[in-house]
Amino acid sequence: MILIVDDKSENIYSLKQLLESKKFEVDTALSGEEALKKVLKNDYALLILDVQMPGMDGFEVAENMAGHSKSKDIPIIFLSAVNTDKTFITRGYESGAIDYVTKPVDPDVLLLKVKTFIRLYEQNRKLSSVQKSLLEEIEFRKEAERKKDEFISIASHELKTPLTSVKAYTQLLERSLKNNTLDLSNTYLKKSKIQLTKLENLIADLLDISKIESGELKLTKDHFKLESLLCSVIDIIKQTHEGVEIEREGDLLNLTIFADEIRIEQVIINYLTNAIKYSPEAQKIILKTSLEGEALKVTIQDFGIGIPKEKINNIFQKFYRVEESSLRFQGLGIGLYICSEIIRQHNGAVGVNSQLGKGSSFYFTLPLN
Ligand code: ADP
């Protein structure tokens with residue numbers, strides 16, 4: 001939009017007619033003060049500014065505009081008497097583009113200048129929008145790079161911990177074998193196996209992440225009985241986590257579902273191991289199945305540390321870990337992200353309800369048809 005500033009309404013009228021006949025959008029102001037107010041409020045591509053006005057003259061308007069970030073770059077065409085000194089015209093407005101047209105205005109000259117300024121304005125606008133999105137892209141990439149570096153450092157640490165344990169247990173195993181203490185050897189073997197499983201799971205999660213990134217996490221769906229999957233998962237957890245009590249609620253005993261059994265097992269195991277990990281003081285976990293409309297809902301409730309309300313929306317994001325508990329509990333912050341991707345590929349949904357200090361209920365749904 002172009003703002004015409006002149007104290008004489010008849011001048012404004014003829015300029016407005018001229019510009020509108022060429023499809024320019026036009027606004028008007030009858031004084032320098034009014035122009036300044038409008039310039040700070042609205043967006044203009046160009047000002048056509050009469051130099052001689054009572055009160056604030058054209059130069060003063062330009063000087064004032066130069067002092068505001070919103071208006072300092074708006075181009076100005078001064079309408080001046082023939083004898084106005086050119087250096088005077090540029091006074092105080094070095095940063096903006098300016099030009100002048102002498103009165104009486106030659107419509108062709110004015111239109112030519114208006115077109116040039118408007119074209120420049122459009123180009124500048126496009127450039128700054130490209131620049132803005134480039135800067136946003138750079139920031140986004142920087143942040144992604146930072147997260148990746150942080151992840152690599154955590155991942156290396158997480159991989160090293162079980163590896164160091166296995167190394168220590170094999171040394172102890174060697175010694176106990178030499179001493180013929182079979183009981184001890186068995187204990188060390190069992191302990192190294194637990195650490196090796198941890199390592200195996202970590203690597204499997206890392207591989208899953210790269211599969212998700214490259215769109216290669218493929219499902220192999222088949223029909224299977226929900227209850228036998230749940231029984232086998234509960235068995236696995238009980239074997240690997242002594243003392244944990246898993247209560248089974250809900251009765252969909254005969255339900256057959258069509259899904260990727262191994263991936264669904266992975267999600268349930270992930271929810272259950274998190275429930276155990278983040279409940280250091282509570283052994284009880286409830287595994288509940290229910291029907292929600294046309295979908296199966298599996299909920300795993302724990303009575304552990306819970307999640308702060310303001311963090312709950314981030315919990316399924318890649319690499320996200322709740323800061324308050326991240327030092328106390330080991331982890332990579334990718335398990336829940338993988339779960340959400342698996343469930344998303346089944347057209348289901350994931351979610352969590354939680355109360356800080358009281359516990360959490362993680363759930364997923366699977367459409368049944
Ligand atoms: P990890 O456990 O390896 O950090 P996850 O992706 O499984 O990664 O979980 C992401 C974060 O969600 C965890 O770091 C933890 O802060 C939080 N979280 C997950 N499960 C629970 C739970 N049952 N109770 C409380 N917080 C949880």
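Just so you know, ligand 1 is whichever comes first in the structure, and atom 1 is the first atom listed for that ligand.
For CD of E265, the number of neighbouring non-hydrogen atoms (other residues, nucleotides, ligands) closer than 6.0 Å is greater than 12.
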Quick one: side chains of residues 292-305, donor-acceptor pairs under 3.5 Å with protein atoms, not counting sequence neighbours, listed by atom name and distance.
unit_1	atom_1	unit_2	atom_2	d
E294	OE1	N369	ND2	3.3
D302	OD1	G304	N	3.0
D302	OD1	S360	N	3.1

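Residue, atom and distance of the protein heavy atom nearest to atom 23 (N) of ligand 1 are D302 OD2, 2.8 Å. Residue, atom and distance of the protein heavy atom nearest to atom 7 (O) of ligand 1 are N274 ND2, 2.8 Å. Atom 2 (O) of ligand 1 has as its closest protein heavy atom Y278 OH, 2.7 Å. Residue, atom and distance of the protein heavy atom nearest to atom 4 (O) of ligand 1 are R321 NE, 2.5 Å. If you check which protein heavy atom lies closest to atom 3 (O) of ligand 1, you get L332 N, 2.9 Å. The single protein non-hydrogen atom nearest to atom 10 (C) of ligand 1 is Y320 O, 3.3 Å, given as residue, atom name and distance. For atom 17 (C) of ligand 1, the closest heavy atom belonging to the protein is I315 CD1, 3.8 Å. The nearest protein atom to atom 26 (N) of ligand 1, hydrogens excluded, is given as I307 CG1, 3.5 Å; this is a heavy-atom distance.
Contact between K311 and ligand 1 is absent, with no heavy atom of the residue lying under 4.0 Å from the ligand.
In S325, the part holding a heavy atom less than 4.0 Å from any atom of ligand 1 is the side chain.
For Y278 and F329, the distance between ring centers is under 6.0 angstrom. The distance between the ring centers of F59 and F78 falls below 6.0 angstrom.
The residues D208 and R263 are annotated as salt-bridged, a charged nitrogen and a carboxylate oxygen being separated by less than 4.0 angstrom.
Each salt bridge (charged side-chain N to carboxylate O under 4.0 Å, His left out) pair with one or both residues in residues 41-52, not counting sequence neighbours, appears once here: D43-K70, D50-K103.
Distance CD1/I98 to CD1/I77: 10.5 Å, rounded to 0.5 Å.
For atom 9 (O) of ligand 1, the candidate residues are L336, T273, V322; the nearest heavy-atom contact is made by L336.
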